[in-house]
Structures are given as structure tokens and as C-alpha cells.
Amino acid sequence: MSHSPVSIGVLTSGGDAQGMNAAVRAVVRTALHEGAAVYAIYEGYQGMVDGGDRVRSLSWDDVGSVLHRGGTVIGTARCPAFRERDGRRRAARNLLQCGIDRLVIIGGDGSLTGANLFRQEWPELLAELVQAGEIGEATARAHPALMIVGLVGSIDNDMVGTDMTIGADSALHRITEAIDALTSTAASHQRSFVIEVMGRHCGYLALTSAIAGGTDYALIPEHPPAEGWEARMCEMLRNGRAAGRRDSIVVVAEGATDRTGHPISADYVRQVLEERLGEDTRVTILGHVQRGGTPSAYDRWMSTLVGHAAVEELLAATPDSEPQLIGVRYNRIHRAPLMQCVEQTRSVAQLIAEKDYDQAMALRGGSFTAMFEIFKAMAAALPSITPPDRPRRIAVLHSGGLAPGMNTAARAAVRLGRDRGHIMLGVRGSFAGLIDGRIEELSWGDVEGWTALGGAELGASRQVPTTEQFYPIARALETHGVDGLLVIGGWKAYQGAYRLHSERERYPAFKIPMICLPASIDNNLPGSDLSIGADTALNVIVEALDRIKQSAMAARRCFVVEVMGRHCGYLALMSGLAGGAERIYLPEEGVTLKDLQADVEHMVASFRAGRRLYLAIRNEYVNPQYTTDFLARLFEEEGHQLFDVRQAVLGHIQQGGNPSPFDRILATRLAAYGIDFLTGEMERGSAAGVFAGLAEGKLTTFPIKQMPDMVDTANRRPLEQWWLELRSVLHALAQP
Ligand code: ADP
């Protein structure tokens, strides 16, 4: 049997997770793009042990139309036989029948451990197979080593070595949807709910969903509550009710215990609430719903990136190279030694079992601990300190276009500011609202329910303060005794803050600490890898693309879909990656007639070769003349009768909708950081003006004066955009 020089196998193993299909698709297409043969091993290790038609070569089209599907199209299983040496020997033989000596394993720590063992035993297994006459010596010599690379598919987000595991974000979507739904019914009846979520050793889903859902209490395995927690929990819920809450929601991770290691069940929490608060309390165990459903935008693009990188890694591997786990760190591809990651992951579970909770929490990383503290501070209706005689006054306002998550940020700011003893003022109607005196104190209860709410309760406007408005704005700040300003918004918000800051010598009222938090679906703000709202918009686009693609099943069709983003191509590129576009038009690249001619030729040739669907995504500002309509007509005309063309301008639905879990978390983290910053400045008596961002995993500030040096002013976007380098992945995955 003749084989191409390199054959790669890909399998999904262990629990299924949304996004596995995107990873498999990227593995298959990258391998083919690089000239390697690629085989799917169906049903995980079981398929490897069974062989036969469970190991099948895949073509480009075999992984078409899988991005939107939950679960894994190549199947997964638990396979006891692979735990036995005999099973692994059979597996080796079956792989060699197809010339496979490189594997991409997508699974949890169990699957990755199994893979490593298999790799270590490979030479011995081959020797045994030769001895038994099952393979020839030449075959054994040709494949002296098994090269493996691991991708982590697990909804729990429980693996050291990657910020996110494949499926965790989608699971968070499912849980957050459920909490939102339960919140509305709970509030209607003034009821309490206890929600159990997955996570035997890892509280990631419980903690992040508790924050994203704006719940009152969370129990996680890494941080069991100290004795007497039942009374403290009830006290907190009582305070919350007194401050205006109409419901109480407690999230329990399935692996939650108390300090003695005794499990805390959802039902026990229900009993406590019923007995001590006398409340009608219901339990909802989410179970497998969390694994199901369509993958989120993040799980599609992240899985695509790691799948692509896995093949690059395998093709560069040599028999002696140390196997790697490919994950993400700060949205960038991150490689780490596979077994080290697995061992550290296991050690967290071990630490929890040994009740060394501080160490377990420390291994989860600094931001996990920080999030836990933020959650506790937001859930408590009473300040954690005795407010000073003259509390500081912080005004919160929005400016710029609407971004889902603005409300989440405002709520977090109000609650965390109050926790620090500040008086929190909400300004309705942006900078103009300041002039009109539309300022009011916001209580803990006033922002109840804002977490999940799209739009902006305080209102937002794109108006930047004019020279004539400086004086009345200064007056308003003085009249209301504003000590610090928190501006949450997009380009116009930054511009407005910049203008006030520039005028601080003339208007002393502007000499107060100011901080801008990035909130814009366009993701076009300097100093932050991502802005609040962009993930939600991306999810809206990806959902729309799913529907658009489905509508075309019967015909040969090209779609030209226009997305927002102004002069920033973030939404176009990322939705292209997540939605499987053949071509994206980015404002950073522009488009010429020559490009369009090449596109048409490629399109025609590929439809001739059997293509049924061609998806082009055009950013709204890519070129003022070559509009979406123009592109659609051009393609229609040049496509003759070969295919038809439809256009879809997605428009303002991209700014709407409830914020995604990721945007809620980002908004909360940024708001906490903003309040910390303002508190520090006010305590020191200094008055810096800054904008904040989350860049390469760290929360940072930049002096607002620096803004002009960091942006392309004419095009209103940062000079440096990290995601532009992902273009190469898109090109590798678009059909040649
Ligand atoms: P996960 O990969 O999600 O952690 P499991 O622990 O159930 O899920 O592992 C999935 C499969 O991986 C198992 O059914 C088995 O075939 C294989 N596997 C797991 N651990 C080992 C091991 N120590 N040795 C060999 N194979 C293993």
C-alpha cells in the first residue's frame, strides 16, 4: 500500500465538547493545505483499537458544514480496551495500516495521558507486532516514533497550560442562558433557586457563571466555605432582599464541599434556604444541557486556531521532540509540554482532595482568585468598610455607540464603588447629561438586574463635548461634588475624556481622576486586546451566518455579508474564522479592482469544481465605492448562470442583544479595575487621566495624553492590532 510521506490521525476522546468540530475541521484542512494525508479516527480510542473503517481518510469537503454543530462529528467514546497494553498494540497496528505516526488528540487529561503512554510504548509495541508477524520490519523502521500533540476538549476549563479549554465558553453560554431564564421567573415569584453546574474539581464554570448571571452566592471546589457558612450565606441573602433584590440565586459546582471535604449538594443548600429563610426554593441541575447546543463564536475561532497550530506543530515535530499541548494564552496560541500540563492539572485535584485549598486556588492563577473576590464584593449589599464621614463621589457615564455589556460594567462599578464606601452617581445621557444635571445617586438595588441587560440604562450618545460645553460641564462636576469620573464607552468616549483632560489647566473641575473603559463592538480602542461588546456582536454575526448558510442548502450560492466595525476589521476577520468564510474584506487591507477580478475568477473556478457555497464577509467601511451591493452585482454578473448571489447587511442587530458571558466577565473585571484605580488616585490626592485595557492578559492603564500616539486617527483604530496575524489561518482554511 502506498502512502503520502506524512499521515496524520485526528481523534476526539473522553467527554464531548462544543468546538471539537471546529478543531477537527482546522486539523483536516491545514493538513491538506500542507500536503499531508489526514485520517479521522472515529469514536476515540475505540476506533483506533477496532481499526477497519473506523480509521478513514478525510477530504476537504468531509469537514464542510460542521462549524455550527455541537458535539463531535467523528464521535467520541470511553475505551477500556485502550487502557490495556493489548488494546494499544492493536491500535498501533491499525494506525500503521494507514501509515499514521502522527496524532492530534482532542480530549481531557485522561485522553492525553493515554496518548502519552501510547507514545512511550510505541517502539516496544512495534517490536511486538514485528515479532508476531503482524507488521513487517520495514514498516517498523519507517515509523520509529509516534508524534503526538494535544488539544484540550473539556467544558470544565480545568487544564493547566491553556486559558480556555475547547467547550468551556459554550458551556458558559448554556449556563448563563439558564440563569437569565431562572432569574426572571424567580424574580416574578420572589423565589430562590439553587443551580448545580458541572465541575468536579474546577470551579471555573460555577464562578464565572455566578458573575455573568449576577447571582448571590457561589460554592466552588477550590474554595470551600469555612464553618458557619450557612448562616453567613443566609445573612447575605437577607441583606440583598432588604436592599431590593426580588430573587436569590445560589450556584453550586458539582464538586463543591465544605472545609472538611464533605460534599455540599444543591439539595442541602435548598434545605438551608427553606428552613432558615422560609423561602420557596427550587433546585435546577443543569447536567448535560451544558455540553449541548451550538458552539459559541469563541469556541469556533479559538478551536480553529489551535487545530491549525496543532498540525503545524506535528509537521515540525521530530521523533525526539517533546509532545506539546496547544492552547491559548491571552488569545494567542500557546505551546506547553503536554505531560507537565497534565501533571499540574492532576495536582490541583490532588490538592483539593488533600484539603490544601489555598494552594489549589493559587494554582488556578491570580485572575481566578481576583474574580472570586470581585464576586463576593458585588454580591454583598453592604459595604465591606465603614464609609468615611465624607465619602468620595464617583460619576459613571457612557459615551459612544451602544455596546452590550455597558450595563454590566456600570452595575459592577456601582456595587464595587459602594463596597469601597464611595457614593456612586449615574449620569444619564452621556456628557450632555452632565450639563442637564441628569445625575443621581445609584444604590445597590438600583442596578439590580443590569448584568444581563443589553443596551445602556444610563443612555449613551456619540456626541463629543464641544468647546462651548466645557464650562457647563465643569460647573456640573463642581455642583455635584464629583471626585472621580468613570467613562465607559467607545471611540467618542475616549475622545470626550481626552478633550476634558486637555482642558484641565483652564477648568480646575477637570482635575479629577478619570478613567475610560473600552466598550465598543468594533473593538477599535487602543490599549486593550478586546473591548466590551465585541464578543456579543461576534456571536450575533456567527448566529446570523449559520442561518444564512442554511438558507442556501438547495442552490449554488455566493453570499456577501456586510458586518459592522467601522474602520476596524476585527468583526469581519473573527466572524470569517468562526463562520468559515472563503474571503473577507478588511478595511486594513482595502480592496482594488484587481483583487475583485482575482476573487471572481477563483469563485467561478471553484463553483465549476463543485462548490455549493461561497461566503464572503465585507466590513462596512472597506471601500466607499465597492459597496456590498456592488460586490454582489459584480459576482452575479461574472458568475453567469453558474451560481447565484445574495447579499445580507446585518446592520444594527449587531449592537443589540444581551451581553455574552465573556463580555459580562470582561465588563466586571474592567469595572473593578477602574474603581481600584479611581480609589487609589483619590486616596493619594492625584488626578491622572487614563484609559484602561486588558492587554496580553494584564489589566493596565495608559495616560490619556498618549492616545494620539497609539492610534491611526484618520481611521480611528489602534496602530497595533494583535488579531491581524490570524489572517494566515483564514487563508490556510479557505479552499485553494
Ligand atoms: P477525559 O479525556 O475527558 O479526561 P477519560 O478520563 O474518560 O476522559 O479518558 C478517555 C479515554 O482515554 C479512556 O476511556 C481511555 O480510553 C483513555 N485513557 C484515559 N486514561 C488513560 C490511561 N491512563 N492510560 C491509557 N488510556 C487512558
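Numbering of ligands and ligand atoms starts at 1, following listing order. Side chains included, hydrogens not; waters and symmetry mates left out as well; all remaining heavy atoms used. Throughout, residue positions are numbered sequentially from 1 according to the sequence presented.
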Considering only protein heavy atoms, which is closest to [atom], and at what distance to one decimal place?
| atom | answer |
| --- | --- |
| atom 5 (P) of ligand 1 | R78 NH1, 3.4 Å |
| atom 15 (C) of ligand 1 | C79 O, 3.5 Å |
| atom 27 (C) of ligand 1 | G114 CA, 3.6 Å |
| atom 20 (N) of ligand 1 | G110 O, 3.1 Å |
| atom 2 (O) of ligand 1 | S111 OG, 2.4 Å |
| atom 11 (C) of ligand 1 | S13 OG, 3.7 Å |
| atom 23 (N) of ligand 1 | T113 CG2, 3.9 Å |
| atom 21 (C) of ligand 1 | R83 NH1, 3.5 Å |

Taking NZ, NE, NH1 and NH2 as the nitrogens, is one of them in E373 or K376 under 4.0 Å from a carboxylate oxygen of the other?
yes

Using distance alone, decide if ligand 1 has a nitrogen or oxygen within less than 3.5 Å of any nitrogen or oxygen in G108.
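Min N/O separation from ligand 1 is below 3.5 Å for G108.
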
Atoms in ligand 1 with a heavy atom of [X] nearer than 4.0 Å:
| X | result |
| --- | --- |
| Y45 | 12 (O), 16 (O), 17 (C) |
| G15 | 3 (O) |
| D109 | 4 (O) |

Minimum heavy-atom separation for R669 and S367, please, with both atom names.
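Scanning both residues, the minimum pair turns out to be NH2-CB, 3.7 Å.
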
To the nearest 0.5 Å, what is the distance between CG (L112) and CD1 (I148)?
8.0 Å

Nearest 0.5 Å, please: how far is CG in L545 from CZ in R300?
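So the gap between those two atoms works out to 8.5 Å.
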
Region of F82 that comes within reach of ligand 1 [heavy atoms, distance under 4.0 Å]:
both

Part of L117 with heavy atoms under 4.0 Å of ligand 1, whether side chain, backbone, both or neither
side chain

Just distance, no hydrogens or angles: give the donor-acceptor pairs under 3.5 Å from side chains in residues 132-139, sequence neighbours left out.
| unit_1 | atom_1 | unit_2 | atom_2 | d |
| --- | --- | --- | --- | --- |
| E134 | OE1 | R93 | NH1 | 2.7 |

With sequence neighbours left out, which residue pairs that include part of residues 359-369 fulfil the salt bridge (charged side-chain N to carboxylate O under 4.0 Å, His left out) condition?
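Residue pairs passing salt bridge (charged side-chain N to carboxylate O under 4.0 Å, His left out), neighbours aside: E222-R364.
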
Would you mind telling me which of R332, K698, R329 makes a salt bridge (Lys or Arg N to Asp or Glu O under 4.0 Å) with D529?
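Answer to the salt bridge (Lys or Arg N to Asp or Glu O under 4.0 Å) test with D529 among R332, K698, R329: R332.
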
Between T12 (side chain) and G75 (backbone), is there a donor-acceptor pair under 3.5 Å?
yes

Before you tell me yes or no, could you show the steps for H68 and T294 under side-chain hydrogen bond (donor to acceptor under 3.5 Å, both in side chains), namely the whole-Å CA-CA distance, both residues' side-chain angles and the distance that decides it to 0.1 Å?
CA-CA 6 Å; H68 63 286; T294 178; over 6 Å; no

Yes or no on side-chain hydrogen bond (donor to acceptor under 3.5 Å, both in side chains) for S660 and N539, after CA distance, side-chain angles and deciding distance?
CA-CA 8 Å; S660 69; N539 274 292; 4.5 Å; no

Please confirm whether S154 comes under 4.0 Å of ligand 1, counting heavy atoms of the residue only.
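No, S154 has no heavy atoms under 4.0 Å from ligand 1.
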
